[in-house]
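Not measured: the values here are computed from a predicted model. Nothing fancy with the numbering, it's 1 onward along the sequence. Both ligands and their constituent atoms are indexed starting at 1 by order of listing.
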Amino acid sequence: MTTNPIIQVENVYKFFGQLTALNDVSLNITSGEKVVILGPSGSGKSTLLRSINRLEKIDKGHIIVDGQDITAPECNINTVRQELGMVFQSFNLFPHKTVLGNLIMAPMRLKKMSKEEAESIALDLLKKVGISDKAHVYPAKLSGGQQQRVAIARALAMNPKIMLFDEPTSALDPEMIGEVLDVMTSLAKEGMTMVCVTHEMGFAREVADRLVFMDHGEIIEQGTPEEFFTNPKHPRLKQFLEQIL
Ligand code: ADP
Ligand code: MG
């Protein structure tokens with residue numbers, strides 16, 4: 001590809017004691033691209049995502065996000081984090097704040113937005129994720145699927161350039177998975193750059209431009225959904241797909 005990547009992961013290593021969680025990982029993601037990361041449990045998927053916004057500090061290599069080397073000591077990570085929305089398996093909403101309260105907090109605090117402006121953006125986002133009627137409700141009153149949609153809206157409230165999703169539907173009851181994937185799919189169609197760890201193969205097939213398979217801290221195969229599902233090359237990927245499909 002000729003365009004500059006918005007995320008550059010270059011020869012990254014991460015160690016936890018004796019364990020090599022990321023083993024010479026390199027990955028370039030272009031603006032607007034949707035990448036789905038697959039791999040067995042413990043393969044380093046979360047560590048890779050968390051390294052991209054420096055929730056994990058890597059031991060070797062470089063990670064450049066929108067031109068900023070986040071591994072450089074002079075990097076202001078808080079500025080970079082404003083460009084990166086992250087959604088986790090657990091929804092992590094603030095329980096003592098309403099849905100609207102959850103959405104306006106970061107824009108008011110970090111972007112010095114007025115309450116009125118933050119609320120107006122928040123209400124638009126709640127409409128977008130299909131829960132306008134829950135603006136004044138506390139998270140505990142919502143289903144898991146609704147909470148996760150609020151978590152997505154909350155991340156979007158900072159107007160990020162990139163969204164990172166770490167198994168966003170894994171903690172949900174099966175009947176709620178679809179509503180969250182629908183929100184992610186519409187976000188993808190709007191052109192958001194997305195990096196998603198998920199085991200939802202339907203989503204991967206439909207939405208991903210590229211699939212990345214990790215095992216034991218390494219990227220061992222990459223390709224389009226078509227290539228992955230019809231012609232997986234590495235035996236470990238074949239085995240993984242047989243188990244999951
Ligand atoms: P995945 O998301 O693919 O399941 P992770 O990135 O969470 O994998 O973990 C990769 C490896 O690193 C695993 O062996 C895991 O046990 C280990 N690991 C992750 N976080 C830590 C940590 N904070 N301390 C020690 N080991 C960790
Ligand atoms: Mg994980």
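Side-chain contact between L156 and L187: present, with at least one pair of heavy atoms (C-beta onward) separated by less than 4.5 Å. You'll find the side chain of F240 stays beyond 4.5 Å of the side chain of H234, heavy atoms only.
Contact residues of ligand 1 (protein heavy atom closer than 4.0 angstrom to a ligand atom; sorted by chain and number): F16, L19, A21, P40, S41, G42, S43, G44, K45, S46, T47.
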Donor-acceptor list for residues 193-207 side chains, cut-off 3.5 Å, not counting sequence neighbours:
unit_1: T193; atom_1: OG1; unit_2: G32; atom_2: N; d: 2.7
unit_1: T198; atom_1: OG1; unit_2: E200; atom_2: N; d: 2.9

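Enclosure of atom NZ in K57 is not indicated, since only 12 or fewer non-hydrogen atoms of other residues, nucleotides or ligands lie within 6.0 angstrom. Within 6.0 Å of atom CD in E226, 12 or fewer heavy atoms from other residues, nucleotides or ligands are found, so the atom counts as exposed in its surroundings.
For the Mg ion (ligand 2), protein N, O or S atoms under 2.8 Å: 1 in total.
Annotation: the span from L38 atom CG to L237 atom CG amounts to 7.5 Å, rounded to 0.5 Å. Put simply, CZ on F165 and CD1 on I152 are 5.0 Å apart, with the number rounded to the nearest 0.5 Å.
Every residue two or more places apart in sequence or in another chain that forms a side chain to side chain contact (heavy atoms under 4.5 Å, CB included) with T20 is listed here: F15, N23.
A donor-acceptor contact under 3.5 angstrom links the side chains of T71 and H62, judged on distance only.
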